[in-house]
Each structure stands twice: as C-alpha cells, then as structure tokens.
Colleague: 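Sharing a structure, written as structure tokens. Questions coming.
Heavy-atom basis, side chains included; hydrogens, waters and symmetry copies ignored.
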Amino acid sequence: MFKSGVLNTQLIDGLVTTILALSAEEQQLLLQRIQDAHTRDQIEKKIKAFEKQYEMTSEVFHAQFLTGDLGDSEDYIEWAGFYEMLYSI
C-alpha cells in the first residue's frame, strides 16, 4: 500500500469506487472473505507459536496427538483445535 512512504491514494480511491459499486450481497461476501482471511491469519500465528514453543511441526504434533502419545494438556487441545480448523481435518 505504501510506495516510497507515500499512500497510494489512486489505488484506495479505485477500491472505494469498486466496493461502493457492489450490491449489498456482494459487499457482505467481501466483508466475510476479509474476516475469514484475518481469522486464518490469526490461527496461523497461534499455530506457529505452538510449533516454536514445542519445537515440532503441526503435522508431527497432530499425528502424535491423535494416537494419544502426547496426552491432553490444554495447550495440546487448543493446538489440535486450531490445526483442525485451519486444515478442516
């Protein structure tokens, strides 16, 4: 969005014009997609924090979690939930 520290007002104006030209249904769909992207980003950040904290990938963690090898700590349950939400397992 920034070009040499200056806002790209032409781009912003164009986006505003395009968004305002959308129907109410299209605007709602756009808003939902933005929210979904933000939610996905937040989930990915939480997953990465767990991977760093426990020094393993989510794939390895999830496989071990499903077999019961890791137990059922609150962190593990939360991590598994985030992983499953993100990857729809």
Colleague: Name all residues meeting the side chain to side chain contact (heavy atoms under 4.5 Å, CB included) criterion together with Glu59; count only those two or more places apart in sequence or in a different chain, and write none if there are none.
Modeller: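 Once residues adjacent in sequence are excluded, the partners of Glu59 under the side chain to side chain contact (heavy atoms under 4.5 Å, CB included) criterion are Thr57, Tyr83.
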Colleague: At what distance, to the nearest 0.5 angstrom, does CZ of Arg40 lie from NZ of Lys45?
Modeller: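 Output value for this atom pair is 14.0 Å.
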Colleague: Sequence neighbours left out, what passes side chain to side chain contact (heavy atoms under 4.5 Å, CB included) with Gln32? Give chain and number order.
Modeller: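 Partners of Gln32 under the side chain to side chain contact (heavy atoms under 4.5 Å, CB included) test: Gln35, Asp36.
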Colleague: Looking at residues at least two apart in the chain, or sitting in another chain, which of them share a side chain to side chain contact (heavy atoms under 4.5 Å, CB included) with Thr17?
Modeller: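 Partners of Thr17 under the side chain to side chain contact (heavy atoms under 4.5 Å, CB included) test: none.
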Colleague: Just verifying a value: how many Å separate Glu84 CD and His62 NE2, rounded to the nearest 0.5 Å?
Modeller: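 If we round to the nearest 0.5 Å, Glu84:CD and His62:NE2 are 3.5 Å apart.
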Colleague: First locate atom OG of Ser58, then atom CD of Glu44, and finally report the distance between them rounded to the nearest 0.5 Å.
Modeller: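 The distance works out to 10.5 Å.
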Colleague: Other members of the hydrophobic cluster containing Leu30, with the 4.5 Å side-chain heavy-atom rule, please.
Modeller: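 Ile19, Leu22, Ile34, which link up through side-chain heavy atoms under 4.5 Å apart, make up the rest of the cluster.
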Colleague: Using 0.5 Å steps for rounding, measure from the CD1 atom of Ile77 to the CG atom of Leu70.
Modeller: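 The CD1 atom of Ile77 sits 11.5 Å away from the CG atom of Leu70.
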Colleague: Look up atom CZ in Phe82 and atom NZ in Lys46, then write down how far apart they are to the nearest 0.5 Å.
Modeller: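 Rounded to the nearest 0.5 Å, the CZ-NZ separation comes out at 4.0 Å.
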Colleague: When you group the ILVMFWY residues by side-chain heavy-atom contacts below 4.5 Å and let the links chain together, are Tyr76 and Tyr87 in the same group?
Modeller: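 Yes, it is one cluster - the side chains of Tyr87 and Tyr76 are joined through contacts under 4.5 Å.
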Colleague: Under the side chain to side chain contact (heavy atoms under 4.5 Å, CB included) test, which residues partner Gln53, sequence neighbours left out?
Modeller: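 Counting only residues at least two positions away or on another chain, Gln53 forms a side chain to side chain contact (heavy atoms under 4.5 Å, CB included) with Phe50, Asp75.
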Colleague: What are the two closest non-hydrogen atoms of Gly71 and Phe65, and how far apart are they?
Modeller: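 Gly71 and Phe65 have their closest heavy atoms at O-CE1, 3.7 Å.
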Colleague: Would you please name every residue forming a side-chain hydrogen bond (donor to acceptor under 3.5 Å, both in side chains) with Glu26, sequence neighbours left out?
Modeller: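 With neighbours one apart ignored, the set is Ser23.
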Colleague: Less than 4.5 Å apart, side chain to side chain, heavy atoms only: is that true for Gln27 and Leu31?
Modeller: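 No; the side chains remain at least 4.5 Å from each other.
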Colleague: Anything under 30° is parallel, anything over 60° is perpendicular, the rest tilted; go ahead and classify Tyr54 against Trp79.
Modeller: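 The rings of Tyr54 and Trp79 lie parallel, inter-plane angle below 30°.
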Colleague: In Å, rounded to the nearest 0.5 Å, how long is the span from NE2 of His38 to CD of Gln42?
Modeller: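 Taking NE2 in His38 and CD in Gln42, the distance rounds to 4.0 Å.
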